[in-house]
Amino acid sequence: MRIDVITLFPQMFESPLRASLLGRAIQRGLIEVGVHDLRRYGVGPHLTVDDVPYGGGAGMVLMAEPIFAAVRAVRSESSHVVLLSPRGARLDHAEVVRLAHHGHIILICGRYEGVDERVALHLADRELSIGDFVLAGGELGALVVIEAVSRLVPGVMGNVASLDTESHSSGLLEHPHYTRPATFEGHSVPDVLLSGNHQAVDSWRREQAAKTTRERRPDLLE
Ligand SMILES: C[S@@+](CC[C@H](N)C(=O)[O-])C[C@H]1O[C@@H](n2cnc3c(N)ncnc32)[C@H](O)[C@@H]1O
């Protein structure tokens with residue numbers, strides 16, 4: 001799995017790509033992430049990447065030309081090009097699974113008022129939003145995509161079994177977890193988890209997953 005990111009702020013990726021699961025996965029060569037500075041593909045002597053919107057209005061718009069050039073520099077025949085955008089389809093588990101099947105993803109991070117529409121129309125395969133709110137740029141969205149997709153790459157997660165029961169992968173939210181001590185400030189762990197009866201534990205966990213989903217996200221059961 002290879003992921004390339006086109007961004008005006010490469011420094012935003014430095015620490016997240018070095019830490020924890022993602023950092024280890026990259027170090028072990030399970031995933032490769034390339035972060036590319038859009039400014040390098042800017043036009044003219046000042047390497048310009050943005051301009052005022054046609055028709056007027058506030059703010060600047062990222063120009064199509066540098067983004068097309070940056071994507072063309074890193075794309076291959078199998079690349080899947082994603083534009084991060086609050087106007088895109090909302091990212092969910094099913095979308096993450098689909099993304100994980102692509103060997104190569106290119107993530108384009110917008111900024112300012114957004115991106116010249118010709119990028120969405122003629123370059124990107126997909127526009128994705130990470131939620132119904134507006135961020136200052138696509139970088140945090142790209143990191144969300146990178147982390148969610150990486151967890152599905154074989155070998156990245158140490159404990160593969162836990163992926164099957166995780167929230168959203170089975171269609172349900174996950175059951176609750178407890179760890180030591182058995183009683184904390186008067187609050188005890190449910191007895192069944194201390195019983196040593198694996199069948200009873202499994203059935204309690206299934207019930208809890210169904211109950212939590214019914215209470216918190218009935219839309220997932222429809
Ligand atoms: C300030 S936003 C532009 C918002 C745009 N004017 C609008 O109202 O739709 C700048 C960039 O941040 C990124 N962005 C903002 N919110 C996002 C979201 N919810 N999901 C994914 N990307 C987002 C996009 O790349 C976008 O081009």
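Note that the numbering runs from 1 along the sequence shown for the chain. In each ligand, atom 1 is the first atom listed, and ligand 1 is the first ligand listed.
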Indicate yes or no: does an N/O atom of Arg87 lie under 3.5 Å from an N/O atom of ligand 1? no

Polar contact flag for Gly110 and ligand 1 (N/O pairs, less than 3.5 Å): yes

Shortest heavy-atom approach to atom 22 (N) of ligand 1 - which of Ser85, Pro53, Ala120: Ser85

Backbone or side-chain N or O of Val115 under 3.5 Å from ligand 1 N or O: no

What part of Ser129, side chain from CB on, backbone N/CA/C/O, both or neither, has a heavy atom under 4.0 Å from ligand 1? both

Any protein heavy atom < 4.0 Å from atom 25 (O) of ligand 1: yes

Strictly by modelled atom types, are Asp92 and His168 linked by a side-chain donor-acceptor pair under 3.5 Å? no

Option nearest atom 18 (C) of ligand 1 (shortest heavy-atom distance, choices Gly59, Pro86, Gly57): Pro86

Note: heavy atom closest to atom 15 (C) of ligand 1, options Val82, Leu135, Leu140, belongs to Leu135

Which segment of Leu128 sits under 4.0 Å of ligand 1 when only heavy atoms are counted: backbone

I want to confirm something. Looking only at heavy atoms, which of Asp132, Val134, Leu107, Ile130 is nearest to atom 20 (N) of ligand 1? Ile130

Distance filter under 4.0 Å to Gly137 heavy atoms, resulting ligand 1 atoms: 11 (C), 12 (O), 13 (C), 14 (N)

Report yes if the distance between the aromatic ring centroids of His177 and His175 is under 6.0 Å, otherwise no. yes

